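Just so it is clear, the structure is predicted and the values come from calculations on it, not from any experiment. Counting begins at 1 with the first residue of the sequence.
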Amino acid sequence: MPTPSSELTAADVETTLCPKCSSRLVTEYAAVPWCERCEWNLDAFTPESPLGRVDRFVARLDHNLGYKLSTSLYQQLVGKTIQRPGVSPAYFGLLAISAVVLVISVGMAALGVYLVVAWPFLMKAVGLLLIGVAILFRPQVGSVRKLLREVDPLTEAEAPALFGLIRRVAAAVGAPMPHYLAVDADFNAFAGVVGITRRRVMCLGLPYLAIRRPQERVALIGHELGHFVNGDNHRSLAAQPALIAFATAADLIDPAGMLQSLRDAARSSGFLALVIPIALLIAPLMYAVRWLLLLAHLGVNVIGARESQRAEYYADDLAAQAAGSTAATASRDITLNAQGMVTVIGARARSREGAAGWRAGVEEARAGQAERLGRLRQWSLRREASIFASHPPSGLRVRMIQAAPHRDPAVVLTEAESAAIDAELAKYEERYRREIAQSW
Ligand SMILES: [Zn+2]
Ligand SMILES: [Zn+2]
């Protein structure tokens, strides 16, 4: 079988045929060409900027493995009814590591408190140190208040149409309503469960919502609400200690810092002969432990990313259930080239246009890429390949929706209802426009 090639250039599209199926090669944005028909060379590793030898090696590994992981997860799920993510062996492994981390850190904190209370001065200091380290490993639940300070919370009285839509979509997908709904100026949206009291927060980026056609808004909200049903917020909280513990531990081990302080100690005391053997003995050990910890960090996060991709597919499935397959697909296609859309909206914002102008610009861009949609979807598999990717490549998400049985919309948003939502959010437009004009 012909091996993928990153040596090809966009110009070869004219002269080279696919070595596997003899079709003409294709390219997008002058990327290394691939075969649209059999996807030969789609997985070619093509870094966007020139990299040094080591970085290149790491990036290539990340790309190749990430590509394989995302396509294999797709293969594993396609054609089946997408289930609410359950306890896979991998997820169980994360939970087990989390449990061990929690037991160790609670034990360390308890020992620390005991030392501080019951032992003399020097041991008190050790106790404080233990408590400090234990705190580093605590699960982080976030703060609702802090989060709401960065966005604009909405009340039902000021946005009845938007709340009404969310209520209808929630009923259609069997999701609870968010406790807090907010908007901000991002080209993104999120739904999370935050704080010790576990409040559900949904935030819709105004540009992200406003540029969508009515039915695509239903899909966006269906997807975000999906994160309240698929349980991944609780799942990720339970897995969180595992996902951060190894990196936190690696940060605590600092061989370079130790060597520096040994060198200083040797210089001031003159005991160089004594210090060098200690350094030679301890430093390699510390480096080895640090590398092992970082490797473990890599491993658990690869598992975490796959679990998160699974949750995204499930949320997409609920989006299709609410908005219908056609709108769920179209809604996904918007982010195929998110950077392109951001550029378009940024330019419109700089020429003092509000949400209606952003929408017009995005519609133009979408018309421009309608012909190339199939290739752009394929290209996302290459561009978004990484073992750390928390979301599946956009193209695979589209494929998953299309491979499922076709669904008609359960919730229909009319043009008039959609316009009512725009009117409710209009008061944020000018402030966000200025923000976007500056930074996009
Ligand atoms: Zn081919
Ligand atoms: Zn999502």
Check the side chains of [Y] and [X] for a donor-acceptor pair under 3.5 angstrom, ignoring hydrogens and angles.
| X | Y | answer |
| --- | --- | --- |
| Gln378 | Glu39 | yes |
| Tyr208 | Arg217 | no |
| Ser394 | Arg377 | no |
| Ser325 | Gln402 | no |
| Asp152 | Tyr432 | yes |

Handout entry: Tyr29 atom OH, neighbour heavy-atom count above 12 within 6.0 Å
Key =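 More than 12 heavy atoms, drawn from other residues, nucleotides or ligands, come within 6.0 Å of this atom.
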
Problem - Ser386 side-chain N/O to Phe388 backbone N/O, donor-acceptor pair under 3.5 Å - result: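 Between the backbone of Phe388 and the side chain of Ser386 there is a qualifying donor-acceptor contact (under 3.5 Å).
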
Practice task
Using atom types as modelled and distance alone, determine if a side-chain donor or acceptor of Glu312 lies under 3.5 Å from a backbone N or O of His391.
Solution key: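 Not a single qualifying donor-acceptor pair exists.
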
Problem - Over all atoms of both residues, closest heavy-atom pair of Ala355 and Glu429 - result: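 So the two residues come closest at N-OE1, 3.2 Å.
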
Problem - Exercise: identify the closest heavy-atom pair between Asp12 and Leu8 - result: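 Asp12 and Leu8 have their closest heavy atoms at OD2-CA, 3.3 Å.
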
Practice task
List the steps, then state whether side chain to side chain contact (heavy atoms under 4.5 Å, CB included) holds for Trp34 with Glu28.
Solution key: CA-CA 10 Å; Trp34 69 92; Glu28 279 300 330; 4.1 Å; yes

Does a salt bridge link [X] with [Y], judged by any charged N lying under 4.0 Å from a carboxylate O?
| X | Y | value |
| --- | --- | --- |
| Glu415 | Arg213 | no |
| Asp317 | Arg407 | yes |
| Asp43 | Lys68 | no |
| Lys427 | Glu158 | yes |
| Glu364 | Arg348 | yes |
| Arg167 | Glu156 | yes |
| Arg366 | Asp333 | no |

Exercise for the section: Take the angle between the ring planes of His227 and His223 and call it parallel below 30°, perpendicular above 60°, tilted in between. Expected result: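 Taking His223 first and then His227, their aromatic rings stand perpendicular (interplane angle over 60°).
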
Exercise for the section: Specify whether Trp440 and Phe187 have parallel, tilted or perpendicular ring planes, treating 30° as the upper limit for parallel and 60° as the lower limit for perpendicular. Expected result: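 Geometry flag for Phe187 against Trp440: perpendicular rings.
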
Practice task
Answer yes or no for Arg306 and Tyr91: cation-pi contact, defined as NZ/CZ to six-membered ring centre under 6.0 Å and angle to ring axis within 45°.
Solution key: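 Geometry flag: not set, cation outside 6.0 Å or 45°.
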
